[in-house]
Number of protein chains: 2
Amino acid sequence: MPTVSSEELAAAAGVNSAKLRKDFSYLGSYGTRGVGYDVEYLVYQISRELGLTQDWPVVIVGIGNLGAALANYGGFASRGFRVAALIDADPAMAGKPVAGMPVQHTDELEKIIEDNGVSIGVIATPAGAAQQVCERLVAAGVTSILNFAPTVLSVPDGVDVRKVDLSIELQILAFHEQRKAGEEAAADGVVPPVAAKPHRKGPDGDVPAVMPA
Amino acid sequence: MPTVSSEELAAAAGVNSAKLRKDFSYLGSYGTRGVGYDVEYLVYQISRELGLTQDWPVVIVGIGNLGAALANYGGFASRGFRVAALIDADPAMAGKPVAGMPVQHTDELEKIIEDNGVSIGVIATPAGAAQQVCERLVAAGVTSILNFAPTVLSVPDGVDVRKVDLSIELQILAFHEQRKAGEEAAADGVVPPVAAKPHRKGPDGDVPAVMPA
DNA sequence: CAATCTTTGTGCACGCGTTCACAAAGACAT
DNA sequence: ATGTCTTTGTGAACGCGTGCACAAAGATTG
Ligand SMILES: NC(=O)c1ccc[n+]([C@@H]2O[C@H](COP(=O)([O-])OP(=O)(O)OC[C@H]3O[C@@H](n4cnc5c(N)ncnc54)[C@H](O)[C@@H]3O)[C@@H](O)[C@H]2O)c1
Ligand SMILES: NC(=O)c1ccc[n+]([C@@H]2O[C@H](COP(=O)([O-])OP(=O)(O)OC[C@H]3O[C@@H](n4cnc5c(N)ncnc54)[C@H](O)[C@@H]3O)[C@@H](O)[C@H]2O)c1
């Protein structure tokens, strides 16, 4: 029986082994003292707790550049997600096959959601249409939304929204990039632009707390 | 002079006003007591600190479904990012225009990075090629990478990597979705599958600590 | 110019998550 | 069966970020 210790897993994940054990303990006592965790059993328990043992139907709304790329992406199916439908407002798109599946018109949105019992929706429309699409999805029964449009969606309680903002990802990289450049300049004896007017350091003595890690 | 108070900003952002003031204080003392913050000046100071006042050239490697969508995305330019080049290993792609810009072959990668002073790279290749592409980018001088391939990249110290994993975003939604379903069932007097073998609750008494918010 | 009023900037305390450290549990050898 | 050795599961302490509360600052008014 192949096993892993919390120490091995922690090293691989780059975290503290005690934290890892404590996190696992929230799921139950699935380890064997003196041995470790049965890999297969552990994987199953985590998968179950995370909801990976079920199949989740999702719909993608807005089949443009990004929506089409998502539809073609094979990584979803392998993690238990099934694209139930592709929906677009453009009449010219209707019936056109994308990733081997015909695009359906937004008129069908409510029917598609209900017929397939869809609870997760992906929004890849322009920003201007996102809130409206969101409201239709929620009204039809969707309770989780993955939003790619650069807008903050307002939803009723009980509905989860996750926003993927690629520009912010780049901004975070740029922020650290600038910081590196500043440190380099400081090491060269040049006054770095950012630290030109030093005032106070953040709690960690380095990065301001406003910045995500 | 248009101003905002920390109270107004905090309400708009949905955070505590004291935290907001403290965060701002890490950048300097840019407010006026009894009045608030000069909007224009504050925006400038935050933009400067975040590195938004400079123009950052980026390259996109792997111009497939996702890479092409990214190349076509207008949201980057508006936040100070300029796509310096599109790079792909497929000889058939070379010279082909995508988003009004010719795709260049990976043979040119090092030259492109150096000529344009690129420090930020985006990887949108298949997972198998990502690590190798990453190493070439780093060797050529890139120190920040945005990775869309479902692989953990290993990089030397001083290089930042941010990974965008869309499957994980969906998994997080599915996790909460399952949790909602479980609570509903519990309210109906049915034993929910997830909580069938209760063991112990997380620190917040609700969501296991292993799960991101 | 003094009094008043508003809002900042920050010391301090609280609470939560992380880490330490160890007793308990179980495997395995003798 | 007993002892030893490894690794889990967790109580307790620590450290850090968040929020409270207020003194200081400056604008504004009479
Ligand atoms: N392309 C990217 O890499 C990228 C990156 C980050 C964010 N985004 C955001 O994702 C969204 C989509 O980007 P894109 O590049 O695919 O744009 P796009 O213009 O190529 O596609 C938008 C699609 O949405 C459809 N649409 C418009 N209104 C609709 C509605 N009310 N209902 C249903 N469908 C509707 C359009 O017909 C079109 O097919 C945008 O909000 C964009 O800002 C895109
Ligand atoms: N499409 C999506 O929505 C999506 C979502 C999440 C993650 N991803 C990931 O993003 C990556 C790209 O996805 P895609 O759908 O665009 O795939 P794709 O197959 O359409 O495109 C991959 C491109 O990379 C190029 N390429 C291959 N090896 C290369 C190399 N060594 N150097 C440079 N270019 C190379 C190929 O020629 C191709 O053009 C994959 O790793 C995928 O798992 C995609």
Side-chain angles (χ1 to χ4, degrees), chain A residues 1-46 48-49 172 175-176 179 195 197-213, chain B residues 1-46 48-49 172 175-176 179 195 197-213:
Chain A
M1 183 178 80
T3 61
V4 270
S5 68
S6 61
E7 204 63 57
E8 291 173 282
L9 283 173
V15 299
N16 184 288
S17 67
K19 173 166 165 38
L20 193 141
R21 284 199 298 279
K22 189 160 284 187
D23 283 350
F24 281 3
S25 79
Y26 296 136
L27 310 181
S29 291
Y30 300 134
T32 306
R33 297 179 183 215
V35 177
Y37 299 89
D38 172 21
V39 174
E40 198 183 344
Y41 188 54
L42 181 65
V43 166
Y44 168 72
Q45 290 297 346
I46 294 177
R48 188 182 52 72
E49 185 72 16
I172 293 170
F175 173 75
H176 287 120
R179 178 163 282 271
K197 207 197 292 176
H199 174 70
R200 176 164 94 150
K201 292 294 186 178
D204 54 354
D206 195 15
V207 180
V210 285
M211 208 63 204
Chain B
M1 185 178 81
T3 61
V4 270
S5 68
S6 62
E7 203 63 57
E8 291 173 282
L9 283 173
V15 299
N16 184 286
S17 67
K19 173 165 167 37
L20 192 142
R21 282 198 300 278
K22 191 163 283 185
D23 283 350
F24 281 3
S25 79
Y26 296 136
L27 310 181
S29 292
Y30 299 135
T32 306
R33 299 181 183 212
V35 177
Y37 299 89
D38 173 21
V39 174
E40 199 183 344
Y41 187 54
L42 181 65
V43 166
Y44 168 72
Q45 289 297 345
I46 293 177
R48 186 183 51 73
E49 184 73 15
I172 293 170
F175 173 75
H176 286 120
R179 179 162 279 273
K197 207 198 291 177
H199 173 70
R200 178 164 93 148
K201 292 294 186 176
D204 55 355
D206 195 12
V207 180
V210 282
M211 209 62 206

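All chains are named by letter (A, B, ...) in the order of the sequence lines, taking the proteins before the strands, and each is independently numbered beginning at 1.
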Euclidean distance, atom [atom1] of residue [X] to atom [atom2] of [N] [Å, nearest integer]:
X	N	atom1	atom2	value
Y41(B)	dT8(C)	OH	P	16 Å
Q45(B)	dG9(C)	CD	C1'	17 Å
F24(A)	dT10(D)	CZ	P	14 Å
E8(B)	dT6(C)	CD	P	14 Å
Y26(A)	dG9(D)	OH	P	13 Å
D23(B)	dT10(C)	CG	P	13 Å

Can you list the residues that meet the side chain to side chain contact (heavy atoms under 4.5 Å, CB included) rule with [X], with sequence neighbours excluded?
X	value
A10(A)	V15(A), S17(A), L20(A)
A12(A)	none
A18(B)	N16(B), R21(B)

Q) With side chains defined as the heavy atoms from C-beta onward, is the minimum distance between L9(B) and L42(B) less than 4.5 Å? A)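 Yes, their side chains come closer than 4.5 Å.
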Q) Going by heavy atoms in the side chains, are Y44(A) and E40(A) under 4.5 Å from each other? A)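 Y44(A) does not reach E40(A) side chain to side chain.
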Atom pairs under 3.5 Å: protein N/O with N/O of nucleotides 19-21 of chain C:
unit_1  : atom_1 : unit_2 : atom_2 : d
dT19(C) : O4     : K22(A) : NZ     : 2.9
dC20(C) : OP2    : N16(A) : ND2    : 3.1
dA21(C) : N6     : R21(A) : NH2    : 3.3

(Q) One character per nucleotide, please: for nucleotides 25-30 of chain C, 5' to 3', B when the base has a protein heavy atom closer than 4.0 Å, S when only the sugar-phosphate does, - otherwise. (A) BSS---
Q. At their closest point, which heavy atom of G31(B) faces which heavy atom of Y37(B), and how far apart are they?
A.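 Shortest heavy-atom contact: CA-CD2, 3.5 Å.
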Q.
Classify S6(B) by what it touches in the nucleic acid, base, sugar-phosphate, or nothing, heavy-atom distance under 4.0 Å.
A.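 Result for S6(B) = sugar-phosphate.
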**Q.** Residues in side chain to side chain donor-acceptor pair (under 3.5 Å) contact with E8(B), at least two apart in sequence or another chain
**A.**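 Expected list: S5(B).
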Q: Could you tell me whether the phosphate oxygens of dG9(D), OP1 or OP2, come under 4.0 Å of any side-chain nitrogen or oxygen in Y37(A)?
A: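 True: Y37(A) side-chain N/O within range (under 4.0 Å) of dG9(D) OP1/OP2.
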Q.
Taking the ring centre of each residue, are Y30(A) and Y41(A) less than 6.0 Å apart?
A.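 For Y30(A) and Y41(A), the ring centres are under 6.0 Å apart.
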Q.
What's the separation between atom NE2 in H176(A) and atom CZ in R179(A), rounded to the nearest 0.5 Å?
A.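 Going from the NE2 atom of H176(A) to the CZ atom of R179(A) covers 7.0 Å.
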